[in-house]
Amino acid sequence: MNTVFDDIEVKVKNGIRLTREEGIALFQSNDLSWLGYLANIVRQRISGEYVYFNVNRHINLTNICTARCDFCAFGCDADSIQSYTMDKDNVIAIAIQAAKDADLRELHIVSGLHPDWSFEYYLDIITSLKERLPHIHLKAFTAVEITYFAKVSGKSVRQVLTELHCAGLDSMPGGGAEILSDRVRGELCPNKATASEWLEVARTAHQLGIRSNASMLYGHIETLEERIDHLLALRDLQDETGGFQTFICFPFHPNNTALDGKIIKTSVWDQLKTVAISRLMLDNFQNIKAYWVMLTLPIAQLALGFGANDIDGTVSEEKIIHAAGAKSATSLTKEAIIETIREAGRIPVERDSMYNIVKIL
Ligand code: V47
């Protein structure tokens with residue numbers, strides 16, 4: 001008699017969508033090599049031997065944050081000695097310096113929810129960056145930040161997104177999704193966008209022609225069922241809009257967070273399983289990113305054999321996960337990324353932020 005795993009294998013090989021129950025069964029399997037084998041079939045079918053990366057820089061405008069999520073070590077109160085803010089001149093100087101590297105293609109801008117900044121400040125940052133560096137793609141503000149801008153400005157999410165888009169915002173990063181469950185958010189991050197608000201921002205952005213990424217923060221208080229329901233919520237929205245470019249799963253780093261000492265970091269086994277199962281469940285996503293900052297470079301390289309076809313970028317000055325004790329570098333050279341991909345037997349492809357090929361290496 002066929003087991004659920006035999007049925008799953010037949011479905012994957014025939015390109016048939018997996019159900020919620022099958023997703024849960026995959027998490028119950030500990031046959032890591034089989035999960036990798038299946039995810040590899042899907043990855044190969046969708047994107048062949050190419051592994052994408054880009055040359056980018058992260059800018060975090062402030063770490064002062066009203067949300068103070070339990071899983072975050074980056075956000076702090078305004079009176080903390082660790083708090084900082086960047087003014088417009090500061091941001092522009094950093095961006096111009098970064099753009100001296102002719103390969104730089106993207107600025108990735110994610111920040112805390114500052115209690116006193118107006119929406120106009122963020123709008124001005126985007127306008128000014130676009131004026132000075134029109135060739136640089138601005139991937140800025142998670143759905144959580146967009147919800148916050150709408151709240152502080154009294155404008156609708158659609159209006160906020162429209163104004164940012166007109167000012168020069170090109171796409172949005174995938175952060176802030178955490179686990180799209182009211183139970184989990186109620187416990188870990190009650191002071192920011194709810195699950196349905198996060199999804200609604202992504203939906204509206206896609207309707208306006210702004211593409212965005214999606215993510216999942218796992219390895220904390222969520223159940224395996226909640227992980228699958230999270231992936232299904234993203235899959236449903238992708239069916240509707242087609243506006244997600246890539247999916248990234250973030251293993252929770254507990255150091256210096258409110259959960260430090262209560263939760264231990266998830267295993268490498270679980271990290272590779274989660275990449276593989278994400279690749280299998282998100283059949284309508286073109287790209288699965290192995291974010292080396294969170295995984296470390298050797299595990300990100302390994303994840304390329306478990307369904308990932310993207311390794312993010314050079315990054316330059318990652319702060320959010322390093323605040324939570326990440327052991328990876330804070331930036332990488334393009335050469336190091338290329339070597340990592342080649343060692344995995346894949347073809348490195350430098351891309352722009354919309355996954356257009358810049359160079360096959
Ligand atoms: O939203 C915060 C996560 C995200 C921790 O779209 C944590 O290409 C693990 O959005 N342990 C911010 N994860 C990062 C982000 C991002 C990064 C790289 C690429 C892209 C992209 C987006 O980091 C947060 C949250 O989900 N996070 N704290 C932690 N302690």
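Each ligand, and each atom within it, is numbered from 1 in the order the structure gives.
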- line: ring pair (Phe, Tyr, Trp, His ring centres under 6.0 Å) pairs touching residues 149-177, sequence neighbours excluded, are F119-F149, Y122-F149, F141-F149
message: More than 12 heavy atoms of other residues, nucleotides or ligands under 6.0 Å from NZ of K265: yes or no?
response: yes
- prompt: Is E178 salt-bridged to R185, cutoff N-O under 4.0 Å?
  reply: no
If you look at each N/O of ligand 1, which protein N/O atoms lie under 3.5 Å away, and at what distance?
residue, atom, partner, partner atom, Å
ligand 1, 1 (O), G176, N, 2.7
ligand 1, 6 (O), G174, N, 2.7
ligand 1, 6 (O), N213, ND2, 3.0
ligand 1, 8 (O), K139, NZ, 2.8
ligand 1, 8 (O), N213, ND2, 3.1
ligand 1, 8 (O), K289, NZ, 2.7
ligand 1, 10 (O), G175, N, 3.3
ligand 1, 11 (N), H253, N, 2.9
ligand 1, 26 (O), E178, OE1, 2.5
ligand 1, 30 (N), F71, O, 2.8
ligand 1, 30 (N), H253, O, 2.9

Plane angle bin for Y52 and Y50 - parallel if under 30°, tilted between 30 and 60°, otherwise perpendicular: perpendicular
query: Parallel under 30°, tilted from 30 to 60°, perpendicular over 60°: which one fits the rings of Y84 and F74?
result: perpendicular
- request: With ring pair (Phe, Tyr, Trp, His ring centres under 6.0 Å) as the test, would you mind laying out the steps for F244 and H206 before giving the verdict?
  value: CA-CA 8 Å; F244 287 121; H206 299 170; 4.7 Å; yes
